[in-house]
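Just below is one structure, and these are the notes that go with it.
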Amino acid sequence: MFQGHDIACDRGERRIFSGLDFQIAPGQALVLRGPNGCGKTSLLRMAATLLKTAAGQLTWDGADIAEDPEEHRARLHYVAHQDAVKSALTVRENIATWSKIRGSADARIDTAMAAFGIAHLADTPAQYLSAGQHRRAALARLIASPATLWLLDEPTVSLDADGTACLQQAIMDHRADKGMVMAATHIELGLDDVEILQLKPQ
Amino acid sequence: MFQGHDIACDRGERRIFSGLDFQIAPGQALVLRGPNGCGKTSLLRMAATLLKTAAGQLTWDGADIAEDPEEHRARLHYVAHQDAVKSALTVRENIATWSKIRGSADARIDTAMAAFGIAHLADTPAQYLSAGQHRRAALARLIASPATLWLLDEPTVSLDADGTACLQQAIMDHRADKGMVMAATHIELGLDDVEILQLKPQ
Amino acid sequence: MSLHYFANPTRFTRLAGRIQPWAGGLAALLLAVGFYLALIVVPADYQQGDTVRIMFVHVPSAWMAMFCYIFLAVASAVALIWKHPLADLAAKASAPIGAGFTFLALVTGSLWGKPMWGAWWVWDARLTSVLILFFLYLGYMALWQSIEDGQKAAKAAAVLALVGAINVPIIKFSVDWWNTLHQPASVLRMDGPAIHPSMLWPLLIMALAFKVYFVALLLARMRMELNLRRIRALRLAERSS
Amino acid sequence: MAVITRDLHLAVRQGGATFLALVFFLLTVTLFPLGIGPEPAILARVAPGVLWVAALLAAMLSLDRLFQADFEDGSLEQLTLSGLPLGGIVLAKIIAHWLTTGLPLLLAAPILAVLLNMNTEGFAALLLTMLIGTPALSLIGAIGAALTLTVRRGGVLLSLLVLPLYIPVLIFGVSAIDAAVHGLNAKPHVLLLAALTLAAIPLCPWAAAAAVKLSLE
Amino acid sequence: MAVITRDLHLAVRQGGATFLALVFFLLTVTLFPLGIGPEPAILARVAPGVLWVAALLAAMLSLDRLFQADFEDGSLEQLTLSGLPLGGIVLAKIIAHWLTTGLPLLLAAPILAVLLNMNTEGFAALLLTMLIGTPALSLIGAIGAALTLTVRRGGVLLSLLVLPLYIPVLIFGVSAIDAAVHGLNAKPHVLLLAALTLAAIPLCPWAAAAAVKLSLE
Amino acid sequence: MEGMGQFFAMGGYAGYVWPAFAIVLVVMAALWFISDRGWRKSEQTLAALRKNRRQRESDAE
Ligand code: HEM
Ligand SMILES: Nc1ncnc2c1ncn2[C@@H]1O[C@H](COP(=O)(O)OP(=O)(O)OP(=O)(O)O)[C@@H](O)[C@H]1O
Ligand SMILES: Nc1ncnc2c1ncn2[C@@H]1O[C@H](COP(=O)(O)OP(=O)(O)OP(=O)(O)O)[C@@H](O)[C@H]1O
Ligand SMILES: [Mg+2]
Ligand SMILES: [Mg+2]
């Protein structure tokens with residue numbers, strides 16, 4: 001169970017939001033919505049321990065995540081706008097690097113590429129990918145090494161219908177597997193049974 | 001009238017598409033659709049003279065654009081994934097630079113920021129913008145200096161409902177003004193009376 | 001028979017296939033004669049002793065180092081301006097050969113320098129500019145290597161080759177412009193060669209041998225590059241189908 | 001031209017290139033006495049060489065970002081699409097580069113020359129050769145920067161490509177100063193240097209523009 | 001550790017840092033004789049200084065990209081999220097940096113020493129000091145690189161921050177070689193240098209990790 | 001024999017003259033060898049690829 005209690009967020013010495021509560025149980029998905037600049041990305045970065053909360057606390061099964069950030073980090077994936085795909089490496093190498101760092105099995109790399117329909121691009125340098133292919137390569141990381149909590153910042157950007165379907169399938173499998181998902185988006189993700197957290201600009 | 005006759009595209013010594021025809025009359029909009037990697041971005045880059053056609057020709061009112069690329073460039077705007085917004089400059093400075101280079105009036109800068117709802121961010125360095133605000137700043141260029149042909153590559157990425165509405169309004173005004181629009185997208189742009197060009201992977 | 005007569009790659013391959021063995025054989029023969037003359041027939045110099053024999057490999061190598069670059073630059077110009085389809089290949093194929101000869105000029109020069117000047121290396125203008133030429137060759141080859149797209153690489157490399165061509169006159173005239181330890185030109189000069197005929201002839205034979213060797217090797221490398229280009233095209237066609 | 005002011009503005013804002021070259025120049029030159037030892041005679045002997053080599057390196061380092069930053073964020077694309085001729089844009093960027101790197105070096109050189117005990121005869125020659133030579137550095141460097149834009153080993157290749165082309169500038173620059181220091185006639189060296197720069201003015205922007213066009217494809 | 005192999009792999013692939021430092025080192029040292037003139041005596045006199053200054057500059061230049069590239073494309077974020085302690089990641093990156101810059105410099109130094117007519121006594125001292133000193137360059141530099149990550153004038157600030165910290169390394173390194181060349185006892189200098197490096201090993205990764213955490217906020 | 005020894009001694013400069021000629025031979029031979037092998041290999045690969053394609057084309061028919 002991942003929970004937020006009375007969270008507030010400051011960016012550039014300005015209060016972006018405050019008094020925010022949420023909770024995600026295993027198998028659940030929370031979708032963040034709200035206009036541009038309302039703090040969705042900021043909230044995700046807090047959940048990833050990349051940003052400090054200005055007030056309130058984030059807990060995992062009751063324990064404050066700020067107490068042992070390393071442990072919390074090991075159980076999450078954060079897919080951001082900057083997608084950490086190195087243009088000099090091929091698609092496979094890109095995915096392999098991250099799964100090696102996370103110490104997960106190499107066998108999953110092929111599964112991951114297949115899950116996002118980029119198996120045929122395995123040996124293409126990322127430099128030569130189209131925008132959607134690039135994004136798929138970034139998302140494939142989710143499958144290549146397991147993590148309980150997925151934090152997704154506008155994950156469907158640049159994806160075509162097929163790519164979006166791949167992502168939906170991945171999220172469904174993940175949830176069936178007791179995973180949790182927290183996603184920020186402006187367009188319909190096409191997931192069923194999700195909770196929506198509407199952020200309001202202050 | 002902007003036309004393409006029997007266009008073919010090579011990327012990385014591979015044929016991406018061929019035998020493509022299209023035409024855009026003043027006031028018209030053409031929407032490019034197709035799966036990831038089918039060549040939408042490539043086609044837009046050809047229309048912007050940034051990429052050479054492998055076969056066929058692009059004409060403007062009957063004249064081949066390859067003959068005088070400078071003239072063609074002066075009449076178009078291309079908004080790409082890489083949005084050419086400098087993080088060290090403020091929003092206003094970013095827009096002003098481009099309108100100065102294009103030699104258009106300073107007065108339009110404020111209109112442009114207002115049109116995309118970022119007037120209140122005029123003096124914020126682009127570094128501190130959220131993803132959607134960043135994109136709005138890139139799009140504001142369209143209004144800040146006039147150009148007949150707008151080439152938009154997934155323009156609604158990161159935009160919220162309000163931002164998308166701003167863009168729709170801008171496109172409507174542009175078309176009413178005899179402007180032309182060519183946009184690649186995966187999601188509905190919400191424009192009426194558009195032609196759709198479906199690209200197929202080879 | 002215009003420039004474009006040999007533009008046809010198949011015709012080129014056929015012709016090259018015919019010339020290459022002859023050129024190879026002739027190069028081997030001339031080299032053998034040259035080595036015989038240089039090592040056995042030519043008398044030791046009264047000043048330089050037997051080290052003078054190094055001249056017969058050093059000087060032709062140095063000439064070839066410059067010649068290859070001129071060839072490379074001209075081929076690049078032809079590729080850029082007239083878009084002759086084989087010019088790219090000729091330029092690309094000549095770079096490793098030129099680098100090889102430049103390397104030889106440096107090494108044989110060093111081997112000559114130690115007994116003559118008492119140092120393997122001195123930082124004079126001629127020597128340094130040859131070293132720079134070597135770097136230029138390396139840069140040229142590295143540029144080819146690091147751009148995936150063959151056509152783009154060809155153009156980029158051609159631009160570099162042309163810009164780098166300014167180094168050739170600098171090498172040629174460096175001995176006249178700066179006072180250095182190195183010999184000024186005694187063969188290739190305006191007022192005719194100033195060298196004894198007993199030395200001149202073996203030198204010229206050696207130079208000719210190097211030239212013919214260059215031609216044979218160039219043809220072989222061009223055929224290889226042509227094949228590689230075809231292989232790439234086939235592979236790409238295969239992958240996309 | 002608007003492009004020049006834009007680049008200057010950005011340079012001032014980001015600081016990056018402007019001061020980097022200057023700071024690098026100053027630091028390199030100050031490190032030398034530390035490395036070599038303080039004897040005035042030796043310092044004076046090596047001064048022209050050290051100053052010119054440091055200037056070369058400083059100029060080369062700032063080249064890396066000449067087009068790269070604009071390329072990565074899409075600005076270079078937008079610039080080519082602005083309707084201005086590409087050669088002109090490239091020249092504008094070269095001028096901005098010189099104003100932000102060459103000019104500061106030129107201004108800093110006299111101070112450093114004093115620190116290195118250079119004699120007064122060499123002074124005028126140093127300034128003159130730097131004034132004539134530094135534009136050539138920006139011009140020639142632009143070609144290398146443009147050629148290596150999309151290249152994987154960008155940085156290395158850039159140095160490998162550019163430094164050989166810089167060497168004539170170095171040699172003429174240093175020989176002119178040496179001649180002046182020893183009371184000889186520096187004019188031929190200066191003239192050769194000037195010829196080099198003059199030849200580079202029309203050629204380099206053209207070649208660099210061709211290379212930029214290639215990498216945008 | 002996986003991070004080291006990743007960085008090495010990337011370095012080989014992109015070439016960037018690896019060869020850049022080496023090529024820069026080689027070219028700088030080659031430029032000097034051109035600038036200073038060919039007299040062997042003078043070259044030998046300035047050789048230790050030139051080699052160390054060139055090594056310092058080469059190391060400093062490659063620092064710029066130590067965290068920057070990973071920061072910009074989001075990889076640094078992902079690395080901190082990988083569950084490994086940040087200090088360890090930073091240390092891994094420092095080791096990779098040394099392997100790709102310090103080590104090549106170390107290997108190239110003897111060849112250059114010959115070209116610069118350095119005498120054989122200085123040789124062993126040169127190698128020893130570079131072996132001990134170059135890790136300190138990577139370690140100290142990492143702090144600077146981390147501190148300047150989000151800073152606008154990154155490059156300049158980096159040089160300004162790092163070079164003063166590098167000066168002790170330079171001074172001890174050169175004095176050790178000079179002592180050896182003149183047949184004096186180089187040991188105290190070498191020991192001081194070693195002390196410096198040993199002190200840097202625990203301190204620098206910790207400081208750099210703190211700085212990285214700051215800039216990710 | 002005397003003559004031979006003298007010949008090989010090269011007036012005391014054997015250490016310079018012979019390596020110079022040797023390196024020339026080695027480099028020229030190596031360049032030739034590499035180019036020739038590269039060319040042969042490329043011929044083989046090309047032939048194999050072409051055969052492959054012809055086969056596939058006839059399969060398709
Ligand atoms: C690494 C060292 C050396 C290099 C890079 C080098 C380079 C060159 C080059 C580029 C040329 C062709 C010049 C032209 O055609 O104008 C040349 C010619 C020549 N070199 Fe060297 N050289 C080196 C050492 C030496 C030494 C040590 C000697 C003899 C003491 C020597 C004697 C000659 C002679 C006699 C010529 C023929 C000049 C002529 O007739 O045109 N070189 N060398
Ligand atoms: N590094 C920063 N420094 C200062 N302010 C920032 C910074 N990053 C973002 N902001 C500001 O914080 C607010 C929230 O930004 P955030 O990126 O969280 O918005 P968002 O909800 O993700 O918006 P979008 O839908 O556009 O992605 C914005 O108003 C933005 O201007
Ligand atoms: N610079 C390049 N070099 C080689 N191949 C490339 C390059 N850029 C793109 N490609 C390839 O060309 C094809 C078309 O790419 P393009 O970016 O035009 O697709 P797209 O339709 O815009 O896709 P998306 O919807 O994902 O943005 C892709 O298969 C891609 O892998
Ligand atoms: Mg956001
Ligand atoms: Mg696209």
Side-chain angles (χ1 to χ4, degrees), chain B residues 9-13 41-42 44-54 68-90 93-104 106 125-127 134 137-138 141-142 145-151 153, chain D residues 1-20 62 65-96 100 146 149-152 205-206 209-217:
Chain B
C9 167
D10 285 351
R11 289 317 294 265
E13 302 174 53
T41 300
S42 307
L44 285 173
R45 291 181 75 83
M46 285 177 178
T49 70
L50 288 171
L51 195 64
K52 282 214 188 73
T53 51
D68 191 353
E70 248 102 60
E71 193 192 345
H72 183 65
R73 287 169 180 176
R75 64 182 162 233
L76 66 83
H77 266 306
Y78 171 51
V79 179
H81 295 301
Q82 257 73 45
D83 52 15
V85 173
K86 290 277 170 200
S87 31
L89 301 182
T90 65
E93 285 164 349
N94 261 299
I95 302 171
T97 329
W98 292 112
S99 71
K100 206 175 290 157
I101 289 177
R102 289 199 159 239
S104 40
D106 273 4
Q127 196 177 4
H134 210 263
R141 229 171 24 226
L142 293 173
S145 53
T148 320
L149 175 64
W150 289 4
L151 304 169
D153 200 353
Chain D
M1 225 198 298
V3 181
I4 304 182
T5 41
R6 165 181 176 276
D7 269 28
L8 290 180
H9 190 178
L10 264 176
V12 172
R13 215 32 97 73
Q14 297 178 322
T18 337
F19 299 96
L20 181 54
S62 53
R65 306 303 290 169
L66 178 55
F67 299 115
Q68 194 71 40
D70 276 344
F71 176 70
E72 277 166 10
D73 70 3
S75 299
L76 193 57
E77 218 162 79
Q78 294 297 337
L79 276 175
T80 48
L81 290 179
S82 68
L84 307 172
L86 193 51
I89 295 170
V90 169
L91 185 61
K93 287 187 84 68
I94 293 174
I95 294 174
T100 52
L149 255 184
T150 44
V151 167
R152 280 193 190 163
W206 170 83
V212 166
K213 206 185 282 168
L214 260 179
S215 42
L216 279 179
E217 288 229 323

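Labels below follow one simple rule: chain letters A, B, ... track the order of the sequence lines, proteins then strands, and each chain is numbered from 1. This structure is a prediction, so every number in the text was calculated from the model and none was measured.
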Check your understanding: How far does CG of D:Asp73 sit from CG of B:Asp83, to the nearest 0.5 angstrom?
Key -> 7.5 Å
Practice item. Search all heavy atoms of D:Asp70 against all heavy atoms of B:Lys86 and return the closest pair with its distance. Key: OD1-NZ, 2.6 Å
**Study point:** From CD1 (D:Ile89) to CD1 (B:Ile101), nearest 0.5 Å
**Key:** 7.5 Å
Practice item. Output the distance between atom OG1 (D:Thr80) and atom OH (B:Tyr78), rounded to the nearest 0.5 Å. Key: 10.5 Å
Review point. Of all of B:Arg141, B:Arg11, B:His72, B:Met46, which one pairs up most often with chain D through heavy atoms under 4.5 Å apart?
Key: B:Arg141
Practice item. Examine whether an atom of B:Ser42 lies under 4.5 Å from a heavy atom of chain D, and if so say whether it belongs to the side chain, the backbone or both; otherwise answer neither. Key: neither
Review point. Tell me, side chain or backbone of D:Leu76 under 4.5 Å from chain B's heavy atoms, or both, or neither?
Key: neither
Revision key, fill the gap. Shortest non-hydrogen pair, B:Leu50 vs D:Glu77, comes out as CD1-CG, 3.2 Å
Check your understanding: Sub-3.5 Å donor-acceptor pair from the side chain of B:Arg73 to the main-chain atoms of D:Gln78, do we have one?
Key -> no
Point to revise | Nearest atoms (heavy-atom pairs only) where D:Leu216 meets B:Arg45 | key: O-NH2, 2.8 Å
